[in-house]
K.L.:
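I'd like to ask you about the structure that follows.
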Amino acid sequence: MDKVYDNKKTEAKIYKEWEEKGLFKPEINPKGKPYTIILPPPNANGALHFGHAMFTVEDILIRYHRMRGHAALWLPGTDHAGIETQFVFEKKLKEIGKSRFDYDQETLYQMIWDYVETNKGGIEDQLRKLGFSLDWSRRKYTLDKDIVKLVYKTFKKMFDDGLIYRGQRLVNYCTFDGTSFSDLEITYEERNSPLYYIKYGPLVLATTRPETKFGDTAVAVNPKDIRYQQYIGQEIEIETVLGRARIKVIGDESVDPEFGTGAVKITPAHDFNDFEVGKRHNLEMKQVIGFDGKMNGLAGKYQGMYIKQARKEVVQDMQKKGLIDHIDHEYVHRIGLCYKCKNVLEPLPMEQWFIKVKPLAEKAIKVVKKGKIKIYPKSFEAWYFNWLENLRDWNISRQIVWGIRIPAWKNKNTGEWKVTDGEAPPGNDWEQDKDTFDTWFSSGQWPYLTLQTTRSGDFKEFYPTDVMETAYDILRAWVSRMVMLGLYLTDEVPFKNVLFHGLVNDPYGKKMSKSKGNVINPLELIDQYGADAVRFALIYGNATGNDQSLSYSKLDAARKFTNKLWNMARFINMKREIRNSKFEIRNNLTRKQLEDLAVHKNDKEMIERTEKLAQEITRLLDKYDFNHAAQNLYDFIWHEFADKYIEDVKGRIDENSYFILNTLFLILLKLLHPFMPFVTEDIYKTLWGKEDYLMVSNWPSFV
RNA sequence: GGGCUCUUAGCUCAGUUGGUUAGAGCGCUUCGUUUACACCGAAGAGGUCAGAGGUUCGAAUCCUCUAGGGCCCACCA
């Protein structure tokens with residue numbers, strides 16, 4: 001044995017053996033109770049980052065349960081990640097002087113498909129490097145034919161059940177990228193934006209968007225505002241840049257009398273709040289800005305101008321006519337930006353598919369309240385409820401090509417919509433919706449979609465899954481939707497427990513991001529410290545669900561720990577001539593059998609303490625306390641077993657004590673295996689030359 | 001504005017249902033090496049647990065307030 005443990009010599013080799021022997025498959029324990037985790041599917045086009053490395057938690061659970069004899073299934077998959085991926089691809093196109101507008105929908109889709117295919121294997125190989133015992137024979141992809149088919153079916157079922165409607169709703173639309181964004185995808189920024197106090201007949205009202213005034217269909221004041229009582233319900237005559245007009249004054253609670261003048265213009269087609277007000281008062285929608293970002297015919301002489309220019313000219317013309325009371329140039333407010341191109345998002349009315357979330361959300365709240373789904377750490381329950389209780393209908397249409405195209409057809413003559421489970425309706429009059437589904441619509445059904453399409457019987461056996469483990473930042477976008485859609489599709493919860501891990505920041509506590517240039521690639525650290533050390537460092541000393549900063553000293557400590565283990569094994573190996581063949585190292589000794597062989601009181605004591613440790617580790621893993629399990633193992637193995645016990649045995653070693661030493665060390669390796677799979681397996685093989693594998697040996701129980 | 005979370009040793013962080021002298025890693029000090037490991041061992045220094053008040057026999061832990069940091073959500077015409 002080498003003096004220093006060299007992870008590079010063993011990791012890839014051991015992983016290959018495990019995989020080739022089929023040890024990652026649940027069939028390895030054919031009679032075991034199923035234990036299932038579905039891997040949150042990484043972006044098929046992406047690369048490994050520390051978020052993925054945190055899935056170590058899942059590997060620990062799977063390896064632990066596999067050793068306990070469960071039919072443990074950890075199912076891998078990848079996500080097409082609609083907007084993300086298309087965005088990356090469009091940047092590639094830009095490099096060669098092209099844009100998506102140079103291709104038709106089918107061609108562009110095929111090009112992105114090919115691009116993703118060439119990169120798809122990358123992320124999987126990287127997950128292997130972390131030692132993840134995923135059942136690769138069951139891997140799925142959100143664009144697999146069978147998955148897509150089921151997604152169509154879900155949409156049709158929801159449509160037939162009246163849960164899906166086509167509505168004209170305001171969407172946050174990027175006129176540059178030509179797509180709308182969900183609430184979750186918008187980035188906000190504080191920006192200076194002059195507040196114009198404009199004259200509306202007898203009133204003065206404040207607006208940051210004078211160019212939308214052509215779309216005004218009312219003026220609103222607070223119904224309790226005594227200043228404006230006489231106008232409520234009246235029509236007032238106003239002077240505008242396009243001539244005289246009449247407009248209704250309404251009273252609405254949403255108007256803040258403190259802001260501006262307490263009177264506000266209502267533009268239902270171009271403002272989210274106004275849209276709601278418009279609905280309450282049955283106001284007409286007048287769209288004056290087109291999807292190209294230009295003013296349309298209703299804007300009179302401003303037609304064809306981009307928003308910015310139109311605003312400038314409208315203000316100038318109003319000033320000339322004396323319609324501007326004054327301007328607050330200091331005004332700062334928050335505006336929604338396109339997270340891709342940073343352009344200001346326009347609220348525009350658009351026909352989209354929406355899911356009525358209320359009935360789904362109510363059930364999703366109930367299952368958590370009733371404890372059918374448990375959330376760890378518990379504090380995230382509040383987030384979950386808060387989100388689901390205030391949910392707006394879910395817009396699932398996306399104006400991008402990279403995704404699952406919505407199986408809805410519009411009749412060219414009648415305008416009627418037909419939803420199918422994938423097939424075009426007969427006849428030539430039907431045109432398919434160009435939009436694709438929001439990525440979360442498919443990934444939100446992931447536990448159902450995967451288990452329905454792996455092998456026959458899988459769904460029955462492995463659904464509902466045991467644990468959904470993921471970063472807390474996608475609680476809303478993903479976890480809550482899986483609960484809603486899972487319940488809808490199967491009448492059962494998709495998973496029994498939700499476990500959140502924190503984010504991994506850079507060594508200075510700053511969030512890792514490409515734009516900041518502080519991204520650390522886990523693969524480099526695996527190379528340098530070993531996969532076991534990287535895994536251990538992420539688990540040790542960090543409470544479940546808390547963010548952590550990457551710590552080189554912790555990585556160092558973890559690597560030294562692997563070396564310590566290796567040298568403990570070396571010591572045992574060096575004394576191997578003491579071994580008596582009548583004492584064979586076995587996997588399933590009872591405590592009694594072992595104690596009967598112990599002669600020295602220190603050996604007896606160590607057997608007892610090791611048993612206690614095994615019980616403690618089992619208890620901690622069952623309550624997802626990985627941190628303390630890791631700490632207990634580290635402390636016991638290093639400072640009790642190595643520093644004290646081995647030193648003690650050294651001076652008095654004989655056949656019996658040597659056997660006890662071997663056996664207890666084996667037990668410790670088993671307990672540590674879920675955390676540090678490679679070095680423990682390597683030692684197992686090296687020390688005892690076994691044909692079988694530690695990873696599928698039985699969990700120590702001393703029963 | 002609403003919600004969540006954090007503030008513990010020089011640094012990074014643990015501290016499980018409140019219970020004796022508050023722990024770890026790294027760093028620091030002193031000592032140790034004829035073979036398991038210097039990626040080691042032994043010993044040690046270092047904390048008024050952000051501040052104030054309260055509950056309690058007992059508080060880092062529970063409650064209230066204050067200060068500071070972080071995150072999420074909503075709204076801002």
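Within every chain, numbering begins at 1; the chains are lettered A, B, ... in the order of the sequence lines, protein sequences first and strands thereafter. Atoms considered below: every heavy atom in the structure, side chains included; atoms not considered: hydrogens, waters and symmetry mates.
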K.L.:
Identify the pairs formed between an N or O of the protein and an N or O of nucleotides 12-14 of chain B at a distance under 3.5 Å, and give each distance.
P.N.:
residue : atom : partner   : partner atom : Å
C13(B)  : O2'  : Gly541(A) : O            : 2.3
A14(B)  : OP1  : Asn546(A) : ND2          : 2.8
A14(B)  : O2'  : Asn627(A) : ND2          : 2.8
A14(B)  : O2'  : His628(A) : NE2          : 3.3

K.L.:
Rounded to the nearest angstrom, tell me the gap between atom CG in Leu555(A) and atom C1' in G27(B).
P.N.:
17 Å

K.L.:
When the C1' atoms of C49(B) and G44(B) are considered, how many whole Å apart are they?
P.N.:
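Nearest-Å result for C49(B) against G44(B) at atom C1': 23 Å.
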
K.L.:
Choosing from A77(B), A36(B), U16(B), which nucleotide comes nearest the side chain of Ala642(A)?
P.N.:
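Of the candidates, A36(B) comes closest.
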
K.L.:
Mind calculating the distance between CG (Leu503(A)) and C1' (C72(B)) to the nearest angstrom?
P.N.:
12 Å

K.L.:
Dot-bracket for RNA chain B, please, read 5' to 3', with Watson-Crick or G-U wobble pairs under 3.5 Å on both distances, ( ) within the strand, [ ] crossing, | other strand, . unpaired.
P.N.:
(((((((..((((.....[...)))).(((((.......))))).....(((((..]....))))))))))))....

K.L.:
Quick one: which of Tyr384(A), Tyr472(A), Phe380(A) gives a ring pair (Phe, Tyr, Trp, His ring centres under 6.0 Å) with Phe500(A)?
P.N.:
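One option only clears the test, and that one is Phe380(A).
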
K.L.:
Tell me whether Ser549(A) contacts the main-chain N or O of Asn505(A) through its side chain, where contact means a donor paired with an acceptor under 3.5 Å.
P.N.:
no

K.L.:
Taking the C1' atom of each, how far is C13(B) from A22(B), in whole Å?
P.N.:
14 Å

K.L.:
Pro268(A) and side chain to side chain contact (heavy atoms under 4.5 Å, CB included): which partner among Leu283(A), Asn273(A), Leu170(A), Asp216(A)?
P.N.:
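Answer after filtering Leu283(A), Asn273(A), Leu170(A), Asp216(A): Leu283(A).
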
K.L.:
If you measure from the C1' atom in U17(B) to the same atom in U61(B), how many Å do you get, rounded?
P.N.:
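That atom pair is separated by 11 Å.
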
K.L.:
In whole Å, what separates the P atom of U16(B) from that of G54(B)?
P.N.:
25 Å

K.L.:
Can you measure Leu388(A) atom CG to C73(B) atom P for me and round it to whole angstrom units?
P.N.:
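Between P of C73(B) and CG of Leu388(A): 14 Å.
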
K.L.:
Trp383(A) or Thr207(A): which one's nearest nucleotide on RNA chain B is closer to the 5' end?
P.N.:
Trp383(A)

K.L.:
Could you tell me the separation between the CD1 atom of Ile327(A) and the C1' atom of A77(B), rounded to a whole number of Å?
P.N.:
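Going from CD1 in Ile327(A) over to C1' in A77(B) covers 16 Å.
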
K.L.:
Heavy atoms only, 4.0 Å cut-off, all strands: where does Met568(A) land among base, sugar-phosphate and nothing?
P.N.:
base

K.L.:
Run Arg619(A) and Asp622(A) through salt bridge (charged side-chain N to carboxylate O under 4.0 Å, His left out) and show every step you take.
P.N.:
CA-CA 5 Å; Arg619(A) 188 182 72 86; Asp622(A) 282 339; over 6 Å; no

K.L.:
Suppose you measure atom P in A59(B) against the same atom in C39(B); what distance do you get, rounded to whole Å?
P.N.:
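Between the two P atoms, the distance is 46 Å.
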
K.L.:
If you count heavy atoms of other groups shown closer than 6.0 angstrom to NZ of Lys374(A), is the number above 12?
P.N.:
no

K.L.:
Would you mind reporting whether Met482(A) and Met484(A) have side-chain heavy atoms less than 4.5 Å apart?
P.N.:
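Contact flag for Met484(A)/Met482(A) side chains = no.
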
K.L.:
Mark yes or no: Lys612(A) above the aromatic ring of Phe636(A), with NZ or CZ under 6.0 Å from the six-membered ring centre and no more than 45 degrees from the axis.
P.N.:
no

K.L.:
Pairs under 3.5 angstrom, nitrogen or oxygen only, protein versus nucleotides 39-46 of chain B, please.
P.N.:
residue : atom : partner   : partner atom : Å
C39(B)  : O2'  : Asn563(A) : ND2          : 3.3
C40(B)  : O3'  : Lys564(A) : NZ           : 3.2
G41(B)  : OP1  : Trp638(A) : NE1          : 2.2
G41(B)  : OP1  : Asp643(A) : OD1          : 3.2

K.L.:
Can you tell me how far P of C37(B) sits from CD1 of Ile646(A), to the nearest Å?
P.N.:
12 Å

K.L.:
On a whole-Å scale, what distance lies between the P atoms belonging to G41(B) and G25(B)?
P.N.:
10 Å

K.L.:
For a 4.5 angstrom cut-off between non-hydrogen side-chain atoms, does Phe641(A) reach Asp635(A)?
P.N.:
no

K.L.:
Counting the atoms with a prime plus P, OP1 and OP2 as sugar-phosphate, which does Phe380(A) contact under 4.0 Å by heavy atoms, base, sugar-phosphate, or nothing?
P.N.:
nothing

K.L.:
U20(B) and G58(B): how far apart are their C1' atoms, nearest whole angstrom?
P.N.:
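The answer is 11 Å between these two C1' atoms.
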
K.L.:
I'd like to check Val219(A) versus Ile247(A) (side-chain heavy atoms, cut-off strictly below 4.5 Å). Are they in contact?
P.N.:
yes

K.L.:
Check whether any side-chain heavy atom of Ile646(A) lies under 4.5 Å from a side-chain heavy atom of Phe665(A), and answer yes or no.
P.N.:
no

K.L.:
Within this structure, what is the CG-to-P distance between Asn172(A) and A74(B), rounded to whole angstrom?
P.N.:
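For the pair Asn172(A) CG and A74(B) P, the rounded distance is 11 Å.
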
K.L.:
With rounding to whole Å, what would you report as the distance between G23(B) and U64(B) at their C1' atoms?
P.N.:
30 Å

K.L.:
In this structure, how many angstroms lie between the P atom of C37(B) and the CD1 atom of Ile572(A), rounded?
P.N.:
14 Å

K.L.:
Charged N to carboxylate O under 4.0 angstrom, Glu640(A) versus Arg609(A)?
P.N.:
yes

K.L.:
Out of G25(B), A77(B), C73(B), which has the shortest distance to the side chain of Ala557(A)?
P.N.:
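Ranking G25(B), A77(B), C73(B) by closest atom to the Ala557(A) side chain puts G25(B) first.
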
K.L.:
Rounded to whole Å, please give me the gap between OH in Tyr472(A) and P in G70(B).
P.N.:
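Going from OH in Tyr472(A) over to P in G70(B) covers 14 Å.
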
K.L.:
Do Arg311(A) and Ile307(A) come within less than 4.5 Å of each other through their side chains, counting heavy atoms only?
P.N.:
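Yes. Closest side-chain heavy atoms under 4.5 Å.
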
K.L.:
Any donor-acceptor pair under 3.5 Å between the side chain of Lys575(A) and the base of A36(B)?
P.N.:
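Per atom types, no contact qualifies.
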
K.L.:
Please tell me whether Phe214(A) and Tyr302(A) form a close aromatic pair, meaning their ring centres lie under 6.0 Å apart.
P.N.:
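Aromatic pair counts; centres sit under 6.0 Å.
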
